[in-house]
There are 2 protein chains.
Amino acid sequence: MHSADAVETIQREMTVFARRARAAAGRMHPELSLVSYTLLGHLEESGGCRATDLAAHYALDKSTVSRQVAGLERAGLIERRPDPADQRVQVLHLTRSGRHVLAQVTESRRAAFRERLAGWPEEDLSRFAEYLVRYNA
Amino acid sequence: MHSADAVETIQREMTVFARRARAAAGRMHPELSLVSYTLLGHLEESGGCRATDLAAHYALDKSTVSRQVAGLERAGLIERRPDPADQRVQVLHLTRSGRHVLAQVTESRRAAFRERLAGWPEEDLSRFAEYLVRYNA
DNA sequence: TCAAGTGGTTGGGTTGTGCAACCATGGAAG
DNA sequence: CTTCCATGGTTGCACAACCCAACCACTTGA
């Protein structure tokens, strides 16, 4: 495959995937949208951060994040803690329930991906993962 | 990287990509959403098909396709032709203008991807493309 | 001290989507 | 030939996710 063709293919396939992903995620977990799930995941990884950090990291408008965060708090999945060093800031943390729901959804998403990727040789999985990381970097 | 980790990474990175794609596409081409672009592409490839075929192929509700198609027709990018064999059916075709716009958008999307993938070794591009095709199959 | 910057919320509007109800046509079974 | 169900498509309705702009509260630095 020539370089130009490969780029063309990557473009098309990434687009196909993008189109499907959200709907699939919604069908799998009506209780936790793709965005909410991603935000929870980020909070888990980072061990708590500000709404502005989330917005910057995911290239979302701060108003969007604000509303998502409000929803997650309403659902009892996260909590806001004041930052003693800066009264403007709310540091977001997962609640116990949030951690629990996140773990459940992650597990079932992982199962779906695992099924989808069943039969792939170990080496291909690693390389695919590496390419995606490099692409998104 | 172990197999489970790779799956985990693939899941996360695909999700990241999915979240970004629509916004990026919108910024690049306000005149043609990601969905519309995909539908036009399908019409180009297939040389004309029915709205129902589009819905089935992309797992979209027929109402969604109906509205997208209406928009594309309003924009003069596609036209509906009656099917002499079945009065219910409208066969959708690209117009000259539709073909033109599609070509332009495709080219600039391709340029963006090419830039993003600049510096990747030929072999990695090919393999990445192959993985994506296999994943979406 | 006060102006500019930053974190966050809210109001308003757009887009993409699904579901359900509907209309028109087609096809098969009586 | 009628009658009934299936199929292609449109429309009303609701909703989620988004952005922009305006705003408030607090911080920072000239």
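Naming: A, B, ... by sequence-line order, numbering from 1 per chain.
Going from atom CZ of A:R74 over to atom P of C:dT9 covers 12 Å, rounded to whole Å. Between B:Q68 atom CD and C:dT14 atom P there is a gap of 16 Å when expressed in whole angstrom units. For A:K62 and C:dT6, the NZ to C1' distance is 8 Å, given to the nearest whole Å. With rounding to whole Å, A:R80 atom CZ is found 16 Å from C:dG7 atom P. Rounded to an integer number of Å, the gap from CG of A:L39 to C1' of D:dA17 is 12 Å. Computed from coordinates, the B:L60 CG to D:dG9 C1' distance equals 15 Å when rounded to whole Å. Atom-to-atom, CG of B:L54 to P of C:dG18 comes out at 13 Å; the value is rounded to the nearest Å. Between A:Y58 atom OH and D:dC18 atom P there is a gap of 12 Å when expressed in whole angstrom units.
With D:dT27, D:dG8, C:dG26 as the candidates, the nucleotide lying closest to the side chain of B:Q87 is C:dG26. Of all nucleotides listed (C:dT9, D:dG8, D:dT11), D:dT11 comes nearest to the side chain of B:R67. You'll find that the side chain of A:R88 is closest to D:dT27, out of C:dA21, C:dG26, D:dT27.
One distance of note links CG of B:L132 with CZ of A:F128; it measures 4.5 Å at 0.5 Å rounding. For the atom pair CZ (B:R67) and CZ (B:R74), the distance works out to 11.0 Å, reported to the nearest 0.5 Å. Interatomic distance, B:L39 CG to B:L60 CG, rounded to the nearest 0.5 Å: 7.0 Å.
At a cut-off of 3.5 angstrom, the base of D:dC20 holds at least one donor-acceptor pair with the side chain of A:S63.
Ion pair A:R127/A:E130 not flagged as a salt bridge, since none of the NZ, NE, NH1 or NH2 atoms sits closer than 4.0 Å to an Asp/Glu carboxylate oxygen. Between B:D83 and B:R50, none of the side-chain N atoms (NZ, or NE/NH1/NH2) sits under 4.0 Å from a carboxylate O, so this pair counts as no salt bridge.
In this pair, B:H42 and B:Y58 present their aromatic rings perpendicular. The plane angle is above 60°, beyond the 30 to 60° band. Using cut-offs of 30° and 60° on the angle between ring planes, the pair A:W120 and B:Y131 is tilted.
Two residues, A:D61 and A:D86, neighbour DNA chain C, and the one matched to the more 5' nucleotide by heavy-atom proximity is A:D86. When the nearest nucleotides of DNA chain D are assigned to A:A85 and A:S36 by heavy-atom distance, the more 5′-ward of the two goes with A:S36.
A donor-acceptor pair shorter than 3.5 Å can be found between the side chains of B:Q68 and B:S36.
The minimum heavy-atom distance between A:C49 and A:D53, with the atom names listed, is CB-OD2, 3.7 Å.
Residue A:T64 places at least one side-chain N or O closer than 4.0 Å to OP1 or OP2 of D:dC19.
Looking only at side-chain heavy atoms (C-beta outward), B:L92 and B:E73 stay at 4.5 Å or farther from each other.
Of the residues in residues 44-52 of chain B, none has a non-hydrogen atom less than 4.0 angstrom from any atom of DNA chain C.
The rotation axes computed at either terminus of the helix from C:dT1-D:dA30 to C:dG30-D:dC1 lie 10° apart, taking five pairs at each end and rounding to 10 degrees.
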